[in-house]
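Chain identifiers are assigned alphabetically (A, B, ...) following the order of the sequence lines, protein sequences preceding nucleic acid strands; residue numbering begins at 1 within each chain. When reading the values below, keep in mind they use all heavy atoms of this one structure, side chains included, and skip hydrogens, waters and symmetry mates.
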Number of protein chains: 2
Amino acid sequence: MRRDIFQAIADPTRRAIIALIALQAMTPNAIADNFNTTRQAISKHLRILTECELIKQEHQGREIYYSLEVDKMKEIDKWLEQFRAIWETRFNQLDELLLNMKTQSKK
Amino acid sequence: MRRDIFQAIADPTRRAIIALIALQAMTPNAIADNFNTTRQAISKHLRILTECELIKQEHQGREIYYSLEVDKMKEIDKWLEQFRAIWETRFNQLDELLLNMKTQSKK
DNA sequence: TATATGCGCAACTATTCGGTTTCGCAAATT
DNA sequence: AATTTGCGAAACCGAATAGTTGCGCATATA
């Protein structure tokens with residue numbers, strides 16, 4: 001069973017859940033109120049998010065509050081890091097500029 | 001058919017392809033050499049990545065060079081933006097500190 | 001103690017996904 | 001002109017996914 005953050009955030013419902021509980025911890029029922037599916041479906045998403053540690057539980061009586069595990073979100077940021085260097089270089093557009101000059105001189 | 005960047009980067013092979021062609025444009029065969037699958041499987045991944053515009057083609061004779069569409073990668077970064085504010089706040093750990101003080105005073 | 005509520009889990013289903021094999025086409029090479 | 005090479009598209013298959021319904025177990029409430 002594949003279970004990593006990238007697969008977890010692939011589902012739009014799960015991204016919405018993440019955005020929801022990022023602001024405040026919420027119970028499954030409260031979360032499910034925001035969607036057109038059953039509580040059980042949301043429960044399944046919460047399980048997946050919990051398994052890859054993107055969110056964490058906090059039991060309070062019979063209620064369970066889910067909240068965002070911010071540190072895990074940083075891992076996505078860490079993956080992007082390697083490309084950030086590229087798009088910052090391209091922003092200078094030095095290589096593209098040189099390429100264009102080369103191409104145009106041939107015409 | 002669901003086709004968005006998040007679903008595209010969910011697959012580890014596709015993330016590897018992205019990392020590969022980020023450095024230089026490559027043909028499908030050259031890309032496939034780096035994996036234990038068939039060229040056709042890679043071709044399918046390339047189609048998905050192309051469809052959501054994460055990569056672009058450049059025809060050169062009978063060869064097709066694939067390269068990264070850097071701007072599209074920024075969209076992932078843009079999504080993370082909303083959470084960056086949170087983890088920068090949490091870095092101060094002000095709220096957590098206050099919560100701990102409150103909890104411990106009850107004991 | 002009986003009932004209602006909040007929740008996760010298991011079983012089932014339709015759909016999607018990643019992979020393979022087979023094919024056809026166009027560009028190179030002979 | 002015949003053959004090889006690079007490629008995408010289609011058909012097919014097993015596994016995973018997102019959803020449903022039904023269940024059982026705690027914790028509250030009457």
Got a donor-acceptor contact below 3.5 angstrom from the B:S43 side chain to the B:R39 backbone? no
Rounded to whole Å, CD1 of A:I64 lies from P of C:dT5 at a distance of 18 Å
Expressed in angstrom and rounded to an integer, what is the separation of A:Y65 atom OH from C:dG8 atom P? 13 Å
Under a 4.0 Å heavy-atom cut-off, which of residues 28-41 of chain A touch DNA chain D? A:T37, A:T38, A:Q40, A:A41
Nearest whole Å is fine: how far is C:dC7 P from A:E58 CD? 13 Å
Listing request: all salt bridge (Lys or Arg N to Asp or Glu O under 4.0 Å) pairs with a residue in residues 13-38 of chain A, at least two apart in sequence or in separate chains. A:R15-B:D4
Residue list, side chain to side chain donor-acceptor pair (under 3.5 Å) with A:E81, at least two apart or on another chain: A:R84
For D:dA18, take OP1 and OP2 only and decide whether either is under 4.0 Å from a side-chain N or O of A:R14. yes
Ignoring backbone atoms, establish whether B:H45 has a side-chain N or O less than 4.0 Å from OP1 or OP2 of C:dG19. yes
Interatomic distance, A:L46 CG vs C:dC9 P [rounded to whole Å]: 11 Å
Distance check needed: C:dT20 C1' versus B:R47 CZ, whole Å only. 16 Å
By side chain to side chain donor-acceptor pair (under 3.5 Å), which residues pair with A:Q57, not counting sequence neighbours? A:H59, A:Y66
B:E75: which residues meet the side chain to side chain donor-acceptor pair (under 3.5 Å) condition with it, sequence neighbours left out? B:K72
Taking only residues two or more places apart in sequence, or in another chain, which ones meet B:F83 in a ring-ring contact (aromatic ring centres under 6.0 Å, His included)? B:W79
Could you list, one pair per line, each protein nitrogen or oxygen that sits under 3.5 Å from a nitrogen or oxygen of nucleotides 27-30 of chain D, together with the distance?
from, atom 1, to, atom 2, distance (Å)
D:dT27, O3', A:R62, N, 3.4
D:dT27, O2, A:R62, NH1, 2.9

Are OP1 or OP2 of C:dC7 and a side-chain N or O of A:Q57 less than 4.0 angstrom apart? no
note: B:I9, atom CD1; C:dG18, atom P; distance rounded to Å ~ 13 Å
Taking atom P of D:dC7 as reference, at what distance in whole Å does atom CD1 of B:I55 sit? 13 Å
Could you pull out all donor-acceptor pairs under 3.5 Å where a side-chain atom in residues 23-30 of chain A meets a protein atom, sequence neighbours excluded?
from, atom 1, to, atom 2, distance (Å)
A:T27, OG1, A:A30, N, 3.3

A:H59 NE2 - C:dT5 P separation (whole Å): 22 Å
Identify, between B:T27 and B:K44, the residue whose nearest nucleotide on DNA chain D lies closer to the 5' end. B:T27
So A:H45 and A:D11, do their side chains get closer than 4.5 Å, heavy atoms only? yes
By side chain to side chain donor-acceptor pair (under 3.5 Å), A:E53 pairs with (sequence neighbours left out) none
Candidates D:dG8, C:dC17, C:dG8 - which lies nearest the side chain of B:Q7: C:dC17
Check this one for me: any side-chain N or O of B:S43 less than 4.0 Å away from OP1 or OP2 of D:dG8? yes
